[in-house]
Amino acid sequence: MSRENGRVAVRSEMRWNGWGDPARASDLPRAVRMLLPLLLGRVQKPATAVDLADVQLEPSSLLGDDVQEFAAVVGAEHIDTTDESRIRHAGGRSTPDLLRRRKRHQAAPDAIVLPANHDEVVTVLRLCADRGIAAIPFGGGTSVVGALDPERGAHRAVISLDLRRLSGLIRLDEVSGEARIAAGTTGPDAEALLAARGFELGHYPQSFRYATIGGFAAARSSGQNSAGHGRFDSMVTGLRVATPTGDVDLGRSPGSAAGPDLIRVFLGSEGIFGVITEVCVRVHPVPRERVLEAWSFADFSHGVDGLRQVAQSGGGPTVIRLSDEAETAVSLAQVGRIGKALAKGASIVTVYEGEGIAERRARTSEILTAAGGASSGGGGAEGWLDGRFDGPYLRDSLLDAGVFCETLETATTWSNLQRLRAEVTATLREGFADAGARSYVMCHVSHVYPTGASLYFTVLANVRSDPLEAWAGIKREVNDSIMSAGGTISHHHAVGRDHAPWLEQEIGATGVRILAAIKRELDPTWILNPGAVITSERSDRRG
């Protein structure tokens with residue numbers, strides 16, 4: 001595979017039982033420790049988490065000749081059956097994932113196989129199909145919906161197919177504004193390679209520092225700059241995919257009427273149809289200017305009205321997001337403004353990048369002011385921008401302190417937004433109350449469209465029983481509530497295994513049959529990510 005800029009540097013490993021850089025794991029900030037008793041009462045310290053060296057796994061189920069066959073394809077140094085590597089590939093980074101990693105006995109893939117290019121991926125998949133071995137595509141390891149669970153389904157073993165060696169900028173067409181990037185390239189590496197040529201992709205989900213280009217495509221990711229640049233699926237212009245039965249190479253032109261758009265079949269497929277190895281994306285010149293501004297509103301309702309009008313008028317900020325009263329209060333408390341945190345009010349962050357900032361800002365400011373908003377300058381927005389990728393570190397610190405913390409998201413139309421928020425919030429509060437726990441529910445609008453918006457919930461709870469067991473029941477109730485209230489089961493976290501039982505309610509029985517038919521054609525032995533997306537098979541460990 002030729003590359004214009006070569007391969008990127010070897011990525012650092014994430015904390016094995018938490019998020020991100022192990023050196024950044026820390027105790028709770030003092031301001032948060034002061035706030036928690038007000039929100040949740042006295043929190044009990046959790047049981048001590050197990051050390052990595054003390055985790056116990058079942059021996060690998062791979063046979064000696066399995067390992068030899070994989071090694072013949074990728075090289076002996078690129079197949080790993082050590083316990084540490086297996087543990088590091090044993091799922092994603094949801095709160096349930098991390099709670100399971102605090103236990104002594106854990107499930108893990110039987111080996112990690114690291115191909116270097118598309119052809120090696122194809123050969124590995126064919127070996128898996130021939131030998132009855134399941135394969136879980138693994139990018140940055142950031143899934144929060146069970147998409148990386150090491151489930152083998154009906155197969156005798158399961159490998160994690162780590163794509164980190166498929167990295168680099170393959171081609172940049174500066175005239176057309178289009179780049180082809182290897183799927184295992186992380187977000188920061190992709191941006192660095194593009195920036196060296198004066199371009200950027202501009203896709204910044206919270207998982208940005210670790211998630212990969214292929215993962216963005218496979219999960220239909222939506223970044224924080226979506227108001228300006230769109231969702232990741234809207235940026236994709238082509239894909240190369242390896243399947244057990246053949247190659248797929250899509251994206252011949254910027255527009256086509258040559259049948260249904262097969263690119264959309266693989267976007268959001270989470271590795272169940274094939275392994276995305278290359279992604280062609282729309283890019284743009286690095287913005288020369290950035291302007292930030294925060295706004296305050298009397299309440300969430302007025303903020304939603306302002307957001308809706310901005311989205312429907314077009315030509316607004318690159319980033320626009322609204323935090324409800326509960327989330328605004330916690331954000332203020334984290335920077336030591338507890339007095340203000342106790343007052344009611346919602347807040348909006350706006351970021352403008354690129355061309356025509358003065359005109360776009362003036363139009364947005366007029367709309368937000370008319371909706372009841374008041375500008376509070378750039379300080380609040382700058383604080384959000386500085387820490388926008390760090391939320392998972394705080395989540396881990398809360399777990400270490402005995403506070404359950406988890407997120408979930410959905411989306412709906414503007415006319416249904418308030419109803420959906422109210423019903424999900426009520427379901428969360430009632431579910432934790434039934435489990436004997438005090439909870440605190442926060443919500444923000446993270447992505448906007450002319451016809452609707454997403455809702456992103458964060459819940460803190462003082463759970464005194466088994467948090468995994470309590471959350472499994474509450475999450476089922478919340479998913480039922482989302483569907484009955486007219487929301488989508490996922491706006492940008494994807495389906496994985498956690499949401500698979502609700503997919504039929506969203507796309508219908510015929511829709512599920514269509515997806516199953518595609519899988520049978522491309523993956524007839526169902527080796528790819530068994531149990532994810534379109535099957536109701538559930539493992540006992542997920543409740």
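Just so you know, residue 1 is the first one in the sequence shown, and it goes up from there.
- With 3.5 Å as the limit, one finds a donor-acceptor pair spanning the side chains of S454 and S446.
- Rounding to the nearest 0.5 angstrom, the gap separating the CD1 atom in I112 from the OG1 atom in T81 is 8.0 Å.
- A parallel orientation is assigned to the rings of F432 and W471, their planes being inclined by less than 30° (bins at 30° and 60°).
- A108 and I87 make their closest contact through CB-N, 4.4 Å (heavy atoms, listed as atom of the first residue, atom of the second, distance).
- In this structure, E174 places its CD atom where more than 12 heavy-atom neighbours from other residues, nucleotides or ligands lie under 6.0 Å away.
- Listed by chain and number, the residues in a salt bridge (Lys or Arg N to Asp or Glu O under 4.0 Å) with R231 are D233 (sequence neighbours excluded).
- Counting heavy-atom neighbours within 6.0 Å of E469 CD, excluding the residue itself, gives a total of 12 or less.
- Side-chain atoms of T237 and E178 include a donor-acceptor pair closer than 3.5 Å.
- In summary, R93 and D97 do not engage in a salt bridge, as defined by a charged side-chain N under 4.0 Å from a carboxylate O.
- There is no side-chain donor-acceptor pair under 3.5 Å between T245 and E521.
- The CD1 atom of I482 sits 4.5 Å away from atom OG1 of T410, with the distance rounded to the nearest 0.5 Å.
- By the ring-ring contact (aromatic ring centres under 6.0 Å, His included) test, F389 is found to be paired with F208, residues two or more places apart in sequence or in another chain being considered.
- Checked for salt-bridge contact, E270 and R220 miss the test: no charged N lies under 4.0 Å from a carboxylate O.
- In this structure, F138 and G91 approach most closely via the heavy-atom pair CE1-O, 4.1 Å.
- Considering all non-hydrogen atoms of both residues, G141 and L148 come closest at CA-CD1, 3.5 Å.
- In this structure, T243 OG1 and K519 NZ are separated by 10.5 Å, a value rounded to the nearest 0.5 Å.
- Residues passing the salt bridge (Lys or Arg N to Asp or Glu O under 4.0 Å) test with D83, sequence neighbours excluded: R86.
- A 4.5 Å side-chain heavy-atom check between Q206 and Q224 finds at least one atom pair inside the cut-off.
- Screening residues 253-266 for side chain to side chain donor-acceptor pair (under 3.5 Å), with sequence neighbours left out, gives D261-R264.
- Residues T277 and H118 bring a donor and an acceptor atom of their side chains to less than 3.5 Å of each other.
- Using a cut-off of 4.0 Å between Lys/Arg side-chain N and Asp/Glu carboxylate O, R282 and D173 are scored as not salt-bridged.
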Using the rule given for side-chain contact (heavy atoms from CB on, under 4.5 Å), can you reason through Q56 versus Q106, listing the C-alpha separation, both sets of side-chain angles and the distance that settles it, and then say yes or no?
CA-CA 6 Å; Q56 295 181 4; Q106 299 182 24; over 6 Å; no

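- In summary, the side chains of H447 and S226 do present a donor paired with an acceptor at a separation below 3.5 Å, with no hydrogens or angles considered.
- Taking the ring centroids of Y449 and H491, they lie under the 6.0 Å cut-off.
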Could you please spell out the steps behind the side-chain contact (heavy atoms from CB on, under 4.5 Å) verdict for H105 and R100?
CA-CA 9 Å; H105 297 278; R100 282 190 287 271; over 6 Å; no

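- A donor and an acceptor atom, one from each side chain of S160 and D162, are nowhere located under 3.5 Å apart.
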I would like to know whether V319 and Y204 meet side-chain contact (heavy atoms from CB on, under 4.5 Å); could you show each step before the answer?
CA-CA 10 Å; V319 177; Y204 300 109; over 6 Å; no

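- We find the CG-OG1 distance between D396 and T95 to be 8.0 Å, quoted to the nearest 0.5 Å.
- Going from atom CG of L163 over to atom CG of N117 covers 11.5 Å, rounded to the nearest 0.5 Å.
- R164 and T186 share no side-chain donor-acceptor pair at under 3.5 Å.
- Under the ring-ring contact (aromatic ring centres under 6.0 Å, His included) criterion, H444 pairs with Y456, not counting sequence neighbours.
- A side-chain donor from one of S490 and E409 sits under 3.5 Å from a side-chain acceptor of the other.
- Nearest heavy-atom pair, F216 versus S207, reported as atom, atom and distance to 0.1 Å: CE2-OG, 4.5 Å.
- With salt bridges taken as basic N to acidic carboxylate O contacts below 4.0 Å, none links D21 and R209.
- Atom CG of L394 is separated from atom OG of S26 by 8.5 Å, given to the nearest 0.5 angstrom.
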Ignoring hydrogens and angles, write down the donor-acceptor pairs under 3.5 Å from the side chains of residues 122-137, residues two or more places apart or on other chains.
from: T123; atom 1: OG1; to: D119; atom 2: O; distance (Å): 3.0
from: R131; atom 1: NE; to: D66; atom 2: OD1; distance (Å): 2.6
from: R131; atom 1: NH2; to: D65; atom 2: OD1; distance (Å): 3.2
from: R131; atom 1: NH2; to: D65; atom 2: OD2; distance (Å): 2.8
from: R131; atom 1: NH2; to: D66; atom 2: OD1; distance (Å): 3.1

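- You'll find the side chain of C280 stays beyond 4.5 Å of the side chain of L239, heavy atoms only.
- Considering every non-hydrogen atom in both S94 and E406, the closest pair reads CB-OE2, 3.8 Å.
- For the residue pair D498 and H493, no side-chain donor N or O sits within less than 3.5 Å of a side-chain acceptor on the partner.
- A side chain to side chain donor-acceptor pair (under 3.5 Å) with R102 is found for one member of T48, D400, N17 and no other, namely D400.
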Can you list the steps and then say if V236 with L267 is a side-chain contact (heavy atoms from CB on, under 4.5 Å)?
CA-CA 9 Å; V236 174; L267 294 174; 4.0 Å; yes

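- Nearest heavy atoms, L522 versus F273: CB-O, 3.6 Å.
- S221 and H203 form a side-chain donor-acceptor contact under 3.5 Å, judged by distance and modelled atom types alone.
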